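Here the structure is laid out as structure tokens; the discussion comes afterwards.
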Protein chains: 2
Amino acid sequence: MNVDERREQLLELALELFAERTFEEISIDEIAQTAGISKGLLYHYFPGKRAFYVAAVRHAAEQLLSETTGKVEAARDEEVEQGELLRVGLSAYLDFIEKRATTFIFLMRGGMAGDPEVRAAVDSTRQAFIEVMLEGSADGDDPRARTAVKGLIGFIEEASLDWLGHQDFPRDELANLVVRVGLATASAFA
Amino acid sequence: MNVDERREQLLELALELFAERTFEEISIDEIAQTAGISKGLLYHYFPGKRAFYVAAVRHAAEQLLSETTGKVEAARDEEVEQGELLRVGLSAYLDFIEKRATTFIFLMRGGMAGDPEVRAAVDSTRQAFIEVMLEGSADGDDPRARTAVKGLIGFIEEASLDWLGHQDFPRDELANLVVRVGLATASAFA
DNA sequence: GGGGCTATTGAATCGAAGTCAATAGCCCGC
DNA sequence: GCGGGCTATTGACTTCGATTCAATAGCCCC
């Protein structure tokens, strides 16, 4: 099998496995066996178990990002107002987490969140996502804005995870909630 | 050394070590050596490395909780209004994270966030903290309220972490931001 | 049809977690 | 003061899983 195909196959497998169980609970042997290859081959594609995990996180992050930013940028080209931009971003975000729930959960809750590389990957995704939604805002490099945005990301992630786990009210209401909070956040330091 | 003292000593050590490096990066041998005891003794106090880590998380969570809820309850006895209660809670929270930054970081970012027991410990702390601040609110068991509160917790945690890392504007402004967002959240589904 | 490249394997190594039988210190009744 | 028995403590042993590596298999190009 071709290099890119195999890498892709292994990364997709990683998303499934690591969404269910933690890093340590899954042995290299199990990964290899499930993938139908030998342990040694895994090391041919990734330098180690940890690196494999990090690659999976990056893979998931890229998926999330590529499926959300496009829609927001399209909306921005139509010069909609701030709240609407947030709403479009949210909607794309929620589309993603509904369609690829395990990927999303892996990204958010996957063990090893303490690992610097993992954190960096997740953080850069967050940053890129929020920047797309806020582009054009006049906050510049105000530290208060930075902190507020981080908080907003936290809100979105936690609320989305909770909603995803229960789904006991319409998605639009979640979007409304987030947009309200987002606008409150934006106005708080303006 | 007495049992409780030793356990306490080991847990405090765990907070320091695990705040700096991840679960896997720290070996049982290193922990034992740093504590000045043998590896075997660690197993006398904790059934395994993982259990030791979980115990440390619980320890940290208890510290956070015990140092915050008391102040909020005291304020509630004086029947202050909702926003003020939030502010008091926040203030106690920020006191804690300033004073015991490594403990807080360990609690939030400590690796193994994916571990069910760790997550349960952290979640119950979050829940207890927020319940104390919102007690008396009329949200009852509305799923929207639950999701909103989760989001708010996410906001507080992420914003606090960011602020703690930079501390480039006054603490009170952070508190103001959070209170505003908190009130916006509360009003969003009322 | 052979040389050389890459994918692939399985056995060997190595390190760290976990186990266990033995020792050391201490409190208690006598 | 002295021996029995309890708990703390140790260090060597075992085990399991990550990582390494030398060898094989398949394929492409000359």
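Chain identifiers are assigned alphabetically (A, B, ...) following the order of the sequence lines, protein sequences preceding nucleic acid strands; residue numbering begins at 1 within each chain. Keep in mind it's a predicted model, so treat the numbers as computed, not measured.
Here Ser38(A) lies in heavy-atom contact (under 4.0 Å) with a base. The residue Ile28(B) sits close only to the backbone: its heavy atoms come under 4.0 Å of sugar-phosphate atoms, none of a base.
Comparing Asp29(A) and Gly40(A) by the nucleotide of DNA chain D whose heavy atom lies nearest to each, the residue mapping closer to the 5' end is Asp29(A). Where His44(A) and Lys39(A) each meet DNA chain C at their nearest nucleotide, the meeting point lying more 5' is that of His44(A).
Between the C1' atom of dA18(D) and the OH atom of Tyr45(A) lies a distance of 20 Å, rounded to the nearest Å. At whole-Å resolution of the value, CZ in Phe52(A) and P in dG17(D) are 17 Å apart. The distance between atom CG of Leu42(A) and atom C1' of dA18(D), rounded to the nearest whole Å, is 11 Å. Across the protein-nucleic acid pair, Gln33(B) atom CD and dA16(C) atom C1' stand 14 Å apart, rounded to whole Å. In this entry the distance linking CD1 of Ile26(A) with C1' of dA18(D) reads 15 Å, nearest Å. Rounding to whole angstrom units, CZ of residue Arg6(B) and C1' of dT10(D) are separated by 12 Å. Between Ile31(B) atom CD1 and dA16(C) atom P there is a gap of 12 Å when expressed in whole angstrom units. Between Glu30(B) atom CD and dA17(C) atom P there is a gap of 10 Å when expressed in whole angstrom units.
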Legend entry - Working for ring pair (Phe, Tyr, Trp, His ring centres under 6.0 Å), residues Tyr53(A) and Phe106(A): CA-CA 11 Å; Tyr53(A) 187 93; Phe106(A) 165 62; 5.5 Å; yes

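Closest to the Leu41(B) side chain, of the nucleotides dT9(C), dT8(C), dT9(D), is dT9(D). Nearest nucleotide to the side chain of Tyr43(A), out of dA7(C), dA18(D), dA16(C): dA18(D).
Electrostatic pairing of Arg171(A) and Asp95(A) counts as a salt bridge here, judged by a charged N lying under 4.0 Å from a carboxylate O. Between Asp4(A) and Arg7(A) no salt bridge is recorded (no basic side-chain N to carboxylate O distance below 4.0 Å).
Thr185(B) places a side-chain N or O within 3.5 Å of a backbone atom of Val181(B) that can act as its donor or acceptor partner.
When Tyr93(A), Phe96(A), Trp163(A) are each tested for a ring pair (Phe, Tyr, Trp, His ring centres under 6.0 Å) with Phe104(A), only one passes: Tyr93(A).
Taking only side-chain nitrogens and oxygens, Arg50(A) never comes nearer than 4.0 Å to OP1 or OP2 of dT19(D).
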